K.L.:
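Next up is a structure, given as structure tokens.
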Amino acid sequence: MGSVAEMKTGEGKTITSIAPIYLNALDEKGVIVSTVNEYLAERDSQEMGEVFKWLGLTVGLNKVDMSPQLKKQAYACDITYSVHSELGFDYLRDNTVRSIEEKVQRGLNYALIDEVDSILIDEAKTPLIISGGEENESSLYTNADLFVKSLTPSDYFIDQETQGISLSFNGVEKANKWYKTDNLYKIENTEIVHRIQNALRANLVMKKDFEYVVMNDKIELVDQFTGRIMEGRSYSEGLQQAIQAKENVKIEPETKTIATITYQNFFRMFKKLSGMTGTGKTEESEFINTYNMRVNVIPTNKPILRIDHEDQIYLTMNAKYKALVEEIKRIHKKGQPILVGTTQVEESEYLHQLLVKEGLQHTVLNAKQNLAEAEIIKKAGVLNAITIATNMAGRGTDIKLGEGVKEVGGLFVLGTDKSESRRIDNQLKGRAGRQGDVGESKFFLSIEDRLIQRFSLQDKWKEIFKEFKENKITGGQIVKAFERAQRKIEGFNYDSRKSVLNYDDVVRKQRELLYKQRDLVLKLRYLSNIVKRMISNVSKQILFLSNVIQENGSISYDNLVNYFNENFLKKDAQNLQLKKEDIIHFPVDALPNFFKEKLNNIFDQQEKIINEKGSTQAFQSFLRSIILNKLDFYWQEHINVMDKLRSSVHVVQYSQKNPYQIYTEEGSNKFNEMVDIIAWNTISAIFTEIFTFTRESKSQSDIVNPDLLQNIITDKFNEMNQKDFVEFLEGKQSLDLKFEYQDPIQAELIELDLAIRNLK
């Protein structure tokens, strides 16, 4: 792994990155430069790309709406610029393709991440998910929404610190009447409880213009750390639909997870990972523990001249905003440019209205103007400019001071609230005073701020400081109290990210095994070995079927024969069907091997007929399609089961059990069950169709028997030296005679078997 370089805003991170990018691109395995938005990816690929092209390297740009062909070309370049989320989505999509040629990424070699703390820490609490729609009754969400909107504060409890919410006794009684049930928490009401819980969270915890915005009659998620729209992201497990019901927009079908991965586990797959940021040192322990990356602080080129004023704290929101507007007017009088950083879209729009009333010309930048953020932020440093920006929107774009600005004190940064991380506040301050420029920063806070709401301290503090009324609260204790609250929320967020990662680590091991198996199916020309491994698995399962084992523990041979014939031979293979007398004399422990040999012999026989007819490739495509269908279907079922397990496993705490341990054990058992189910359904599907495939295959005498070709090529390999043999193969490629080396394939299969056994 590499390291993180901390360089203050304006110190030239983008230009400095040319050296490591160029060095790592020389081995021709590909370098990916990850950015926080597409504007920066496109800008840097063009501006820095000129340097790389002059040095003889190719540069590609990966964008959200590009076709797979263009994406593949971008990833094939020596250096590829891309927004971070699209890298993860491309990885997930690559593991759902139906042929190896459809994959767009060529491997995860080296990544350099711009604004690395934003991507690997702030974004890391929400996993990347590719979803598919499932039809659901929208009335379910609407009904739950109407019920929650009928509640009064006495009907529910909200834990402000954790943002958890639940019905009170009164609320449960109302729910029983609303849904006409005598007990809301009966097992058959699980779905109702789930809908109510989502509606409670959507209506009473989640805030419009903070966690999400409504744009073009759609719910768009907002990154709380940057104020940007999170493209292609939505809440899972029905929460998105609950918010849609709340905001009275079109309710989309609830999604089913098709593929998912956390940012942590995606970026940890790179052979080498490095990053750069203006604020990373405070999070070094998390970088080390999660990514094995240290943070190296690079001294500034010139001393920092910015003046960071003491926080101004007020009793109420109104008093805070009144003082803030007066401060803006005071600063604006001398022409000093002002950047006001807010934590919420709602707040930026409220402040906009206040400045309109004062007749102050200004520009607003929030999640709703995301596309124009770079152009807006560029102009924030000119004389008389007032810019309101949601949190760190525009990050990555320099604010250069206009003519005459240094003489009036440089850029003045005003914060309207403390964010959930001191690091984010430092990023806001860092917009002023770049490269030794003069500048100032100051935060305006109130006891009614969201940060303090989380800890139920408002009433207590209001009573203590009521004498200040609309004046600034003085004294160091109140400032320290805000810092303690901020540190506590940082701890909550770190625990949340750690929990997401710990639970995903269980799925990660399973995902890696399944994706490796899937790649093997895509890469292998002949799939007989895969099929025979599954036959071996199925043969062991047959004796454990419920209708085969009788109450006294003995075997029902009649049921066993009938089940075997119905599932594997059916009517197409009357002459091959199993008879009771074929197995009744076998010891029970020898039956699995008997079934294995019988199914293998039938498969070999049918494959030989198909090969003799010249339909080898069509047959391999037939096998590949069945195997991939079963792998994908049951894997998607499995990860949705794991999602539900994770959301409900916390209940075991009431019985003094460790939720993570239970999740790990249950998850491992369910994965083993999935492996068995995939094998069973794959073999059943193959044997259901193979006889029809054999019968309908047409002889093609002009196609050479592949077994004969194998013998010819093996003989040639034995009698030629390596160079001549390669030339021989190149001359035969048009006839599809390329030699299949069996040993590497067998080695990979054995390795996969061992990995699955270890997981079990």
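Predicted model, so just to flag it, every value in this text is computed and none were measured. Numbers here simply count residues along the sequence, with the first being 1.
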K.L.:
Run the numbers on V249 and V214 for side-chain contact (heavy atoms from CB on, under 4.5 Å), then give the verdict.
P.N.:
CA-CA 9 Å; V249 301; V214 180; 4.1 Å; yes
K.L.:
Salt bridge (charged side-chain N to carboxylate O under 4.0 Å, His left out) for R508 and E512? Distances and angles first, verdict last.
P.N.:
CA-CA 6 Å; R508 173 182 59 84; E512 287 174 357; 3.5 Å; yes
K.L.:
Under 4.0 Å between a Lys/Arg side-chain N and an Asp/Glu carboxylate O for K466 and E463?
P.N.:
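Here K466 pairs with E463 in a salt bridge, since their nearest N and O are under 4.0 Å apart.
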K.L.:
Between K246 and Y212, does any side-chain donor sit less than 3.5 Å from a side-chain acceptor?
P.N.:
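Checked: K246/Y212 side chains pair up, N/O donor to acceptor below 3.5 Å.
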K.L.:
Would you check if there is a donor-acceptor pair between the side chains of D504 and Q264 at a distance under 3.5 Å?
P.N.:
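The criterion, which ignores hydrogens and geometry beyond distance, is not satisfied for D504 and Q264.
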K.L.:
Step by step, work out the side-chain contact (heavy atoms from CB on, under 4.5 Å) result for L221 and V213.
P.N.:
CA-CA 7 Å; L221 274 57; V213 295; over 6 Å; no
K.L.:
Look up atom CG in L339 and atom OG1 in T363, then write down how far apart they are to the nearest 0.5 Å.
P.N.:
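If I round to the nearest 0.5 Å, the distance is 11.0 Å.
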K.L.:
At their closest point, which heavy atom of L40 faces which heavy atom of N37, and how far apart are they?
P.N.:
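What the structure gives for the nearest pair is N-OD1, 2.8 Å.
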K.L.:
Identify the two heavy atoms, one from V148 and one from L200, that lie closest to each other, and give their separation to 0.1 Å.
P.N.:
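Between these two residues, the closest heavy atoms are CG2-N, 3.8 Å.
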K.L.:
Between D449 (side chain only) and I452 (backbone N and O only), is there a donor and an acceptor less than 3.5 Å apart?
P.N.:
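The answer is no, because no donor-acceptor pair under 3.5 Å joins these two groups.
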K.L.:
Applying side chain to side chain donor-acceptor pair (under 3.5 Å), can you list everything that pairs with S154, at least two apart in sequence or on another chain?
P.N.:
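Expected list: T152.
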K.L.:
Charged N to carboxylate O under 4.0 angstrom, D505 versus K509?
P.N.:
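Salt bridge between D505 and K509, a charged N being under 4.0 Å from a carboxylate O: no.
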K.L.:
Quiz question: by atom type and distance under 3.5 Å, do the side chains of N265 and R268 form a donor-acceptor pair?
P.N.:
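R268 and N265 do have a side-chain donor-acceptor pair below 3.5 Å.
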K.L.:
Which heavy-atom pair separates L184 from I196 by the least distance, and what is that distance?
P.N.:
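In this case the closest contact between L184 and I196 is CD1-CD1, 4.0 Å.
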K.L.:
For S348 versus I388, what's the shortest heavy-atom pair and its separation?
P.N.:
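Shortest heavy-atom contact: CB-CG2, 3.7 Å.
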K.L.:
What do the steps show when you test Q510 against H638 for side chain to side chain donor-acceptor pair (under 3.5 Å), and what is the final call?
P.N.:
CA-CA 10 Å; Q510 302 172 357; H638 176 71; 2.7 Å; yes
K.L.:
Name all residues meeting the side-chain contact (heavy atoms from CB on, under 4.5 Å) criterion together with N143; count only those two or more places apart in sequence or in a different chain, and write none if there are none.
P.N.:
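Counting only residues at least two positions away or on another chain, N143 forms a side-chain contact (heavy atoms from CB on, under 4.5 Å) with W178, Y179.
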K.L.:
Drop me the distance from K418's NZ to F443's CZ, to the nearest 0.5 angstrom.
P.N.:
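K418 atom NZ to F443 atom CZ measures 5.0 Å (nearest 0.5 Å).
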K.L.:
In terms of side-chain heavy atoms, does Q661 have a donor or acceptor partner in E665 at a distance below 3.5 Å?
P.N.:
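Yes, side-chain donor-acceptor contact under 3.5 Å.
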K.L.:
Show your working on side-chain contact (heavy atoms from CB on, under 4.5 Å) between V479 and I313 and close with a plain yes or no.
P.N.:
CA-CA 8 Å; V479 175; I313 303 173; 3.9 Å; yes
K.L.:
Taking atom CG as the centre, does N471 end up with more than 12 heavy-atom neighbours from other residues, nucleotides or ligands that are less than 6.0 angstrom away?
P.N.:
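Atom CG in N471 is packed in, count exceeds 12.
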K.L.:
Looking only at side chains, do N629 and R98 share a donor and an acceptor under 3.5 Å apart?
P.N.:
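Checked: N629/R98 side chains pair up, N/O donor to acceptor below 3.5 Å.
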K.L.:
Does R422 have any salt bridge (charged side-chain N to carboxylate O under 4.0 Å, His left out) partners at least two apart in sequence or in another chain, and if so, which?
P.N.:
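Applying salt bridge (charged side-chain N to carboxylate O under 4.0 Å, His left out) to R422 gives E490.
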K.L.:
Any chance you could measure E115, atom CD, to L120, atom CG, to the nearest 0.5 Å?
P.N.:
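Answer for the CD-CG pair, E115 versus L120, is 11.5 Å.
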K.L.:
Is the shortest distance from a Lys or Arg side-chain nitrogen in K320 or E347 to a carboxylate oxygen in the other one below 4.0 Å?
P.N.:
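Looking at E347 together with K320, the answer is yes, because their closest N to O distance falls below 4.0 Å.
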K.L.:
Return the minimal non-hydrogen interatomic distance between I328 and L414, and the atom names on each side.
P.N.:
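It is CG1-CD1, 3.7 Å.
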K.L.:
Is the side chain of S499 donor-acceptor paired with the backbone N or O of D495 at a distance under 3.5 Å, no angle test?
P.N.:
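Not a single qualifying donor-acceptor pair exists.
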K.L.:
Should the heavy atoms of other residues, nucleotides or ligands under 6.0 Å from CG of N183 be counted, would the total exceed 12?
P.N.:
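Buried by this count: over 12 neighbours within 6.0 Å.
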K.L.:
Flag the pair D117 and R423 as a salt bridge only when some basic side-chain nitrogen lies within less than 4.0 angstrom of an acidic carboxylate oxygen.
P.N.:
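Looking at R423 together with D117, the answer is yes, because their closest N to O distance falls below 4.0 Å.
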K.L.:
Between T343 (side chain) and S419 (backbone), is there a donor-acceptor pair under 3.5 Å?
P.N.:
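No, the answer is negative, given that no donor and acceptor are paired below the 3.5 Å cut-off.
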K.L.:
Of all heavy-atom pairs between A144 and A199, which one has the smallest distance, and what is that distance?
P.N.:
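A144 and A199 have their closest heavy atoms at O-CB, 3.7 Å.
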K.L.:
Regarding K174 and D155, does a basic nitrogen lie under 4.0 Å from an acidic carboxylate oxygen?
P.N.:
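Here K174 pairs with D155 in a salt bridge, since their nearest N and O are under 4.0 Å apart.
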K.L.:
Between D145 and Y141, is there a donor-acceptor pair closer than 3.5 Å when you use the side chain of the first and the backbone of the second?
P.N.:
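No.
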K.L.:
Among side-chain atoms of Q244 and E252, is any donor-acceptor pair under 3.5 angstrom?
P.N.:
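Judged by distance alone, the side chains do pair up.
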K.L.:
Tell me, with the steps shown, if L167 and L151 meet side-chain contact (heavy atoms from CB on, under 4.5 Å).
P.N.:
CA-CA 10 Å; L167 290 173; L151 299 177; 3.9 Å; yes
K.L.:
With a 4.5 Å limit on heavy-atom distance, are the side chains of R511 and W635 in contact?
P.N.:
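Yes, at least one pair of side-chain atoms sits under 4.5 Å.
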K.L.:
Distance check, rounded to the nearest 0.5 Å: H84 atom NE2 versus F267 atom CZ?
P.N.:
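Reported to 0.5 Å precision, the distance equals 7.5 Å.
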K.L.:
What is the ring orientation for Y503 with Y663, classed by angle as parallel under 30°, tilted 30 to 60°, or perpendicular over 60°?
P.N.:
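If you compare the ring of Y503 with that of Y663, the planes turn out perpendicular.
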K.L.:
Students often mix this up, so state it plainly: with edges at 30° and 60°, are the rings of F444 and Y314 parallel, tilted or perpendicular?
P.N.:
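If you compare the ring of F444 with that of Y314, the planes turn out parallel.
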K.L.:
Between T664 and Y660, is there a donor-acceptor pair closer than 3.5 Å when you use the side chain of the first and the backbone of the second?
P.N.:
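At least one qualifying donor-acceptor pair exists.
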K.L.:
Is the backbone N or O of A242 less than 3.5 Å from a side-chain atom of N198, with the two atoms forming a donor-acceptor pair by type?
P.N.:
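The answer is no, because no donor-acceptor pair under 3.5 Å joins these two groups.
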K.L.:
Kindly state each residue pair satisfying salt bridge (Lys or Arg N to Asp or Glu O under 4.0 Å) with at least one member in residues 85-95, sequence neighbours excluded.
P.N.:
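Salt bridge (Lys or Arg N to Asp or Glu O under 4.0 Å) check on residues 85-95 returns K71-E86, K71-D90, E86-R93, D90-R93.
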K.L.:
Between H362 and L360 (side chain of the first, backbone of the second, donor and acceptor by atom type, cut-off under 3.5 Å), is there such a pair?
P.N.:
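Side chain of H362 to backbone of L360, a donor-acceptor pair under 3.5 Å: yes, one is there.
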K.L.:
Please check if atom NZ in K218 has more than 12 non-hydrogen atoms from other residues, nucleotides or ligands closer than 6.0 Å.
P.N.:
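No, the 6.0 Å shell around NZ holds no more than 12 heavy atoms from other groups.
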K.L.:
Working to the nearest 0.5 angstrom, can you tell me the gap between I473 CD1 and F468 CZ?
P.N.:
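One gets 6.5 Å once the value is rounded to the nearest 0.5 Å.
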K.L.:
Between the side chains of E211 and K207, is the shortest nitrogen-to-carboxylate-oxygen separation below 4.0 Å, so that they form an ion pair?
P.N.:
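No, no charged N to carboxylate O under 4.0 Å.
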K.L.:
Between R518 and D632, is there a donor-acceptor pair closer than 3.5 Å when you use the side chain of the first and the backbone of the second?
P.N.:
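A pair under 3.5 Å: no.
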K.L.:
To the nearest 0.5 Å, what is the distance between CG on D417 and CG on L428?
P.N.:
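Rounded to the nearest 0.5 Å, the CG-CG separation comes out at 11.0 Å.
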K.L.:
Look at the aromatic rings of W461 and F482 and report parallel, tilted or perpendicular, splitting at 30° and 60°.
P.N.:
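If you compare the ring of W461 with that of F482, the planes turn out tilted.
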K.L.:
Is there a side chain to side chain donor-acceptor pair (under 3.5 Å) between Q486 and D425 once you walk through the steps?
P.N.:
CA-CA 11 Å; Q486 201 170 28; D425 294 337; 2.6 Å; yes
K.L.:
With sequence neighbours excluded, what pairs up with I677 under the side-chain contact (heavy atoms from CB on, under 4.5 Å) test?
P.N.:
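For I677, the residues satisfying side-chain contact (heavy atoms from CB on, under 4.5 Å) (neighbours in sequence not counted) are Y634, N681.
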K.L.:
Look only at the side chain of E448 and the backbone of M317, and say whether a donor-acceptor pair between them is shorter than 3.5 Å.
P.N.:
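Side chain of E448 to backbone of M317: a pair is present.
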K.L.:
Can you name the residues that form a salt bridge (charged side-chain N to carboxylate O under 4.0 Å, His left out) with E247, not counting sequence neighbours?
P.N.:
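Partners of E247 under the salt bridge (charged side-chain N to carboxylate O under 4.0 Å, His left out) test: none.
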K.L.:
Given 3.5 Å as the limit, does a donor-acceptor pair link the side chain of S150 with the main chain of F147, or not?
P.N.:
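A pair under 3.5 Å: yes.
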K.L.:
When you compare the side chain of L514 with that of L631, does any pair of heavy atoms fall below 4.5 Å?
P.N.:
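The answer is yes; the side chains approach within 4.5 Å.
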